[in-house]
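Since the structure comes first, as structure tokens, the remarks are kept for the end.
This chain uses plain numbering: 1 for the first residue, then up along the sequence. Worth saying up front: this structure is predicted, and the values here are computed from it rather than measured.
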Amino acid sequence: YNLYSNTGANAAGSQRRLINSSYASYLNYNISPVGFGGADFPTNSSSALGFQGTGSSNPISLYVQIPAQTLTGTQKPGYFSDQIMFTAVF
């Protein structure tokens, strides 16, 4: 099966971003699945990661990496979030 994702609700182009909506601050981030050599998860609907099904439950672990960067907007600590949609096509 193939697993697709979008760039999230706060992306700038193809760069995923977390937002602190209280202060309009953003943090860039990347998503990497385990077992794909640290490659970033594709950020468009025409690219996918392929997985081999086993006939039983098959959990997929994803890691989020936030590279060193300067916050944009008003720089305040707080809660950062994003919403991403994943679609599995069998």
Practice prompt. Determine, stepwise, if the pair Asn10 / Tyr26 fulfils side-chain contact (heavy atoms from CB on, under 4.5 Å).
Written response: CA-CA 8 Å; Asn10 303 295; Tyr26 295 92; 4.3 Å; yes
Worksheet, complete the sentence: Sequence neighbours excluded, the answer for side chain to side chain contact (heavy atoms under 4.5 Å, CB included) partners of Ala88 is Leu3, Phe90
Worksheet item: Do Gln65 and Pro67 come close enough that some side-chain heavy atom pair is under 4.5 Å?
Response: yes
Worksheet item: Looking only at heavy atoms, which two atoms of Asn28 and Gln69 are closest? And how far apart?
Response: N-OE1, 2.7 Å
Practice prompt. For Ala11 and Arg17, work out which heavy atoms get closest and say how close.
Written response: C-NE, 4.0 Å
Practice prompt. Please answer: with hydrophobic residues joined when any side-chain heavy atoms are less than 4.5 Å apart, are Met85 and Ile19 in the same cluster?
Written response: no
Discussion item. Do Arg16 and Ser5 pair up side chain to side chain, a donor and an acceptor below 3.5 Å, judged on atom types alone?
Written reply: yes
Fill in: Counterpart residues, side chain to side chain contact (heavy atoms under 4.5 Å, CB included), relative to Leu18 (two or more places apart)
Leu27, Tyr29, Ile66, Phe80, Asp82
Worksheet item: So if you build clusters from Ile, Leu, Val, Met, Phe, Trp, Tyr with side-chain heavy-atom gaps below 4.5 Å, do Ile60 and Val64 land together?
Response: yes
